[in-house]
J.: 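Quick one: the structure is below, questions incoming.
Since the structure is predicted, the reported quantities are computational estimates derived from the model, not experimental observations.
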Amino acid sequence: MLLTWVRRGVLAFALMAAASLPAPAGDGAMRTPAGYVVGIETPAAEPDEAAHILREGQEVPVQIGGALFDGDQVVVRTPDTWVAIETVNDRHMRVDAAHSPHPVKGELPAGGRFSAFAAMVGELFRARPEARTVNLMGRNEGALRLQIGRSVTQRVVPGTRLWIGWQGGVKPYTVEVRQRAEGDAVLAATRASGRSASVALPRAASGPLRLSVSDAEGAQVHMDLIADPAPPAVPAWISDGAPTPAFGQVATALWLLDRKPAEWDLHAAAIAAEAGDYGAAEALLLRLAEGKRPSR
């Protein structure tokens, strides 16, 4: 489980659209999107004092989630500052003063279309830029509540490692997936001390299922599932446009969350959880556990 991570002076990871960056008319057509600024750490009161982007001879502020273009240079001026970037050539890297200025090169394959989803990821961080947590330890005490996927029966893919987050209740917790026929046989189960868990759905799972979370005092919440081996086909431009695999997993989850009806939300959470401790994935999972759906 991942624990709450709050660090003074750190702005959490975010990703936003190249199209959202202010620029003179016509510049967007001339510049080649190459990546994104995804993090900055500095003790300076104003990040502009410690780092900037050099673009066509002009200093551009380092904006969390800001677009990077082919030909940009990432400039870090102070030794205790780093800027994290993701580009098609560099993938994920941290630029510090010792490696400054860092030239940005390359071209995102599907930058224009993909940028709409990058903007959605960026929105995840505006409300709480300092938070990184998916286990909700010590948060939202009270009645056990299961918010994710509550609007409609969730379709899940056999063989997937499902991620589920909840609120309230008393630890420890038990998460179970049962067959809703043949005597409600338990197909998968796990225990958790925090308020999130992953449970492996067997490849042989089929038909209607039920996922339940119960706490130490016997409170229980559940959601209905249906095994479906054929999730929606994710457009190729999502994986093609992502500078890193983790970025692509979060974008894929957001694409699924945008489907109507909202029957693939739990599958979307499972895909986001595969990104590990990637900041955008953690923020998305936390939002889903709280019952919030990112929207464009």
Side-chain angles (χ1 to χ4, degrees), residues 1-6 12 120 123-128 130-156 160-180 184 186-201 208-227 250 253-254 256-275 277 279-295:
M1 293 299 167
L2 300 172
L3 299 179
T4 303
W5 183 78
V6 180
M120 288 176 67
E123 289 295 323
L124 299 175
F125 294 91
R126 291 192 173 182
R128 70 180 95 219
E130 79 289 353
R132 286 184 65 193
T133 176
V134 295
N135 72 356
L136 307 178
M137 288 286 286
R139 296 175 56 87
N140 303 300
E141 298 293 345
L144 185 64
R145 300 189 302 283
L146 185 59
Q147 306 278 35
I148 182 173
R150 297 294 293 170
S151 61
V152 64
T153 297
Q154 292 295 297
R155 294 185 176 274
V156 290
T160 298
R161 191 166 186 81
L162 302 176
W163 183 93
I164 187 71
W166 57 91
Q167 294 178 310
V170 179
K171 66 178 183 180
Y173 304 89
T174 301
V175 180
E176 292 183 336
V177 178
R178 291 177 174 267
Q179 192 81 48
R180 290 181 60 194
D184 290 342
V186 177
L187 300 181
T190 189
R191 289 174 66 83
S193 58
R195 293 191 177 93
S196 68
S198 293
V199 58
L201 185 64
L209 311 169
R210 172 161 290 183
L211 184 149
S212 65
V213 179
S214 56
D215 74 358
E217 295 186 344
Q220 186 178 91
V221 289
H222 61 81
M223 72 169 69
D224 291 333
L225 315 175
I226 185 166
V250 174
L254 288 167
L256 286 166
L257 290 168
D258 207 33
R259 302 306 93 199
K260 301 292 186 298
E263 56 189 356
W264 290 102
D265 286 7
L266 199 60
H267 185 63
I271 291 176
E274 291 177 357
D277 60 357
E282 294 177 359
L284 176 56
L285 293 174
L286 177 58
R287 292 292 181 92
L288 293 175
E290 293 177 337
K292 301 174 183 176
R293 291 172 55 85
S295 60

J.: Where is the tightest heavy-atom contact between I271 and A253, given as atom of each residue plus distance?
T.: CG2-N, 4.5 Å
J.: Please tell me if the side chains of L288 and L257 come closer than 4.5 Å, counting only heavy atoms from C-beta onward.
T.: yes
J.: Between R161 (side chain only) and A270 (backbone N and O only), is there a donor and an acceptor less than 3.5 Å apart?
T.: no
J.: On a heavy-atom basis, which atom in L285 and which in A273 lie closest, and how many Å separate them?
T.: CD1-CA, 3.9 Å
J.: Indicate the atoms forming the closest heavy-atom contact of W163 with S196, along with that distance.
T.: CZ2-CB, 3.5 Å
J.: Determine whether R210 and D184 satisfy the following criterion, salt bridge (charged side-chain N to carboxylate O under 4.0 Å, His left out), listing intermediate values before the conclusion.
T.: CA-CA 9 Å; R210 172 161 290 183; D184 290 342; over 6 Å; no
J.: Give the minimum heavy-atom separation between G194 and W166, together with the two atoms involved.
T.: O-CZ2, 3.3 Å
J.: Using the side-chain contact (heavy atoms from CB on, under 4.5 Å) criterion, which residues pair with A219? Sequence neighbours excluded.
T.: L144, D215
J.: Roughly how far apart are R178 CZ and L225 CG, rounded to 0.5 Å?
T.: 13.0 Å
J.: Would you please test D258 and K260 for side chain to side chain contact (heavy atoms under 4.5 Å, CB included) and show each step?
T.: CA-CA 7 Å; D258 207 33; K260 301 292 186 298; 4.2 Å; yes
J.: With rounding to the nearest 0.5 angstrom, report the CD to NE2 distance, E176 to H222.
T.: 13.0 Å
J.: Given L201 and L209, is the side chain to side chain contact (heavy atoms under 4.5 Å, CB included) satisfied, shown in steps?
T.: CA-CA 10 Å; L201 185 64; L209 311 169; 3.9 Å; yes
J.: Which residues satisfy the salt bridge (charged side-chain N to carboxylate O under 4.0 Å, His left out) test with E263, sequence neighbours excluded?
T.: R155
J.: Evaluate side chain to side chain contact (heavy atoms under 4.5 Å, CB included) for Q147 paired with E290, printing each intermediate quantity in order.
T.: CA-CA 6 Å; Q147 306 278 35; E290 293 177 337; 5.8 Å; no
J.: Could you measure the distance from the CG atom of L286 to the NZ atom of K292? Nearest 0.5 Å is fine.
T.: 7.5 Å
J.: If you compare all heavy atoms of D265 against all heavy atoms of Q154, which two are closest, and at what distance to 0.1 Å?
T.: N-OE1, 2.9 Å
J.: With a 4.5 Å limit on heavy-atom distance, are the side chains of V213 and R195 in contact?
T.: no
J.: Do you know which two heavy atoms are closest between I148 and M223, and how far apart they sit?
T.: O-CE, 3.0 Å
